[in-house]
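All remarks here apply to the structure that follows.
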Amino acid sequence: MADESTVTALPAKENFSEWYNDVLWRAEIMDVRYPVKGLYVWYPHGFSLRRSTYAILRELMDREHEETLFPLLIPEDQFMKEAEHIKGFEEEVYWVTHGGLTPLDVKLALRPTSETAIYPMYALWVRSHADLPLKLYQIVNTFRYETKHTRPLIRLREITSFKEAHTVHATWEEAKEQVETAISLYSEFYDRICVPIIFSKRPDWDKFPGADYTMAADAIMPDGRTLQVGTCHHLGDNFSKTFDLSYEDENGERKLAHQTCYGISERCIAAMISIHGDDKGLVLPPEVAPVQVVIVPIIMKKNAETVIAAAKELEKEIKAAGLRVKIDARELRPGAKYYHWEMRGVPLRIEIGQRDIDGGTVMAVDRYGVKTAVKRAEAVAGIKSLLEAFKAEMKARAMTKAVSQINTASTIEEAKAAVEKGVAVVQWCGYKECADAIEQGLDVSVLGSEVRSEHIADKEGRCIICGKPAKPAIVARTY
RNA sequence: GGGGUAGUAGGGUAGCCUGGUCCAUCCUAGAGCGUUUGGGACGCUUUGACGGCGGUUCAAAUCCGCCCUACCCCA
């Protein structure tokens with residue numbers, strides 16, 4: 001389908017941009033050749049990765065949310081109700097203006113996000129305090145007319161995998177608690193896919209249009225730029241005012257509800273691919289890898305049947321244990337198969353040949369190249385524990401890398417050096433003038449304050465610009 | 001937002017300046033046959049492309065215009 005050249009290597013990961021583009025099609029994640037800018041095609045292999053990754057998200061959300069599905073089209077009058085919100089999106093909305101040849105009386109927006117689709121319905125659904133809290137989520141596509149460079153999985157005109165949750169609460173405090181819950185759910189999600197993230201509170205001018213405040217998760221990419229991979233918004237009663245979303249409390253009084261919304265898109269997969277991948281291709285956490293174990297039979301002409309039979313028997317056992325396993329019995333040299341599956345990020349390869357059959361073992365090789373001989377009789381248990389260990393190793397490597405990319409800076413010069421590697425931690429007073437001064441000429445953004453990271457100490461100091469009392473903020477070049 | 005460069009088989013390229021020798025080069029991939037197989041095998045046979053529309057010309061991959069797309073640089 002997208003058979004990678006068997007001779008040419010991937011561009012080295014140091015050339016991150018080239019590496020990223022190449023690995024996406026060679027590992028059969030996305031095909032970028034669809035003839036509309038900013039829209040890309042998921043290969044089945046990529047889609048399978050998406051599906052297992054989103055299965056984790058669903059599992060986490062399902063603990064206390066219900067899944068739902070709202071329409072893609074939003075009538076113009078409804079979309080235009082919330083002033084702040086419109087201002088934030090007006091430049092990037094796609095409009096449906098015709099039904100066939102007939103102009104529509106009311107234009108229809110392709111959702112850039114679903115607040116204005118969902119909240120009018122919420123207003124109908126919520127009548128009393130007994131209906132609260134309401135916590136729903138959906139996984140949908142959204143559209144934004146991006147004008148800057150589009151990139152597969154990172155900057156899209158059609159986001160194909162937007163998991164958005166929308167909650168309604170009685171009080172502002174309860175909504176705040178929900179934002180904290182969202183943060184912990186997302187932290188758990190990124191921990192499961194071994195991607196270190198940093199949560200911080202976005203500056204006021206960067207919050208979601210219509211929100212009281214926004215907490216966002218950033219991952220650090222290999223080139224040191226950060227990718228925003230999740231957002232949690234406290235909407236206060238801003239939208240409930242607009243959409244008349246109110247409830248009757250215990251005393252029979254009508255009160256405005258308070259809301260939150262939080263989302264994650266396929267950028268989570270971009271981060272996972274980018275942070276773990278290496279010069280040979282993808283490295284995937286076992287839990288989400290489309291193929292978790294590949295069996296490569298070492299076939300000689302004379303013993304082909306014996307070896308294939310042994311491989312099939314092993315496959316049956318591994319499959320029965322609930323793992324995604326595949327035999328590669330193609331007419332290729334074994335080495336070619338190793339490269340093939342390494343490109344696709346298979347965590348564990350099992351080699352089985354005459355030597356193994358005779359010795360009652362199989363050879364297991366993980367994606368980092370670590371070889372372990374496993375007794376054939378204990379193959380399944382051995383494989384499971386190797387996959388566990390592999391996941392732990394992935395997490396450890398990603399964490400070590402992330403820590404090396406986070407550096408504290410007490411002067412602008414130090415900040416300049418720090419953002420070359422990744423995130424600079426600086427003291428910032430919270431005022432826009434000082435943020436502007438930090439950003440000026442550095443091609444960086446002040447991502448946020450109230451930083452949540454075990455690697456960033458929450459100690460007060462003096463603003464790096466004005467010297468007033470300040471707290472740590474994170475600064476980086478961004479995607 | 002401004003500027004630049006480029007679009008040739010599935011992927012990567014030569015040819016373009018100086019129109020004809022191009023029913024288009026090479027590598028890779030795909031198909032077929034045979035020999036191979038513990039880290040990217042080899043031989044033979046074979047399939048497959050000038051981004052789109054228009055113009056100039058006896059003749060266009062090549063020159064001109066517009067459109068679409070991609071990449072790079074600057075703000």
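Chain identifiers are assigned alphabetically (A, B, ...) following the order of the sequence lines, protein sequences preceding nucleic acid strands; residue numbering begins at 1 within each chain.
Looking only at atom types and distance, the side chain of Y40(A) has a donor-acceptor partner in the side chain of T150(A) under 3.5 Å away. Counted by atom type alone, E266(A) and T160(A) present one or more donor-acceptor pairs between their side chains at under 3.5 Å.
Across the C1' atoms, A75(B) and U56(B) are found 40 Å apart, a figure rounded to whole Å. Rounded to whole Å, the separation between the P atoms of C16(B) and C74(B) comes to 32 Å. Rounded to whole Å, the P atom of U45(B) lies 41 Å from the corresponding atom of G54(B).
Residue ring and base: Y339(A) counts as stacked with G40(B) (centre distance below 5.5 Å, interplanar angle below 30°).
Scanning atom types as modelled, no donor and acceptor separated by under 3.5 angstrom connect the side chain of R333(A) and the base of G38(B). No N or O donor and acceptor, one from the side chain of E351(A) and one from the base of G39(B), sit under 3.5 Å apart.
For the OP1/OP2 pair of G11(B) and a distance below 4.0 Å, the side-chain nitrogens and oxygens of R33(A) include at least one atom meeting the criterion. Proximity of K337(A) to the phosphate of G39(B): no side-chain N or O atom is located under 4.0 Å from OP1 or OP2.
Among the atoms of the strands shown, none is found under 4.0 Å from any heavy atom of R151(A).
Note on ring orientation: taking the six-membered ring where Trp is involved, the planes of Y213(A) and H234(A) are tilted (angle from 30° to 60°).
For the pair E331(A) CD and G34(B) C1', the interatomic distance rounds to 12 Å; values are reported in whole Å.
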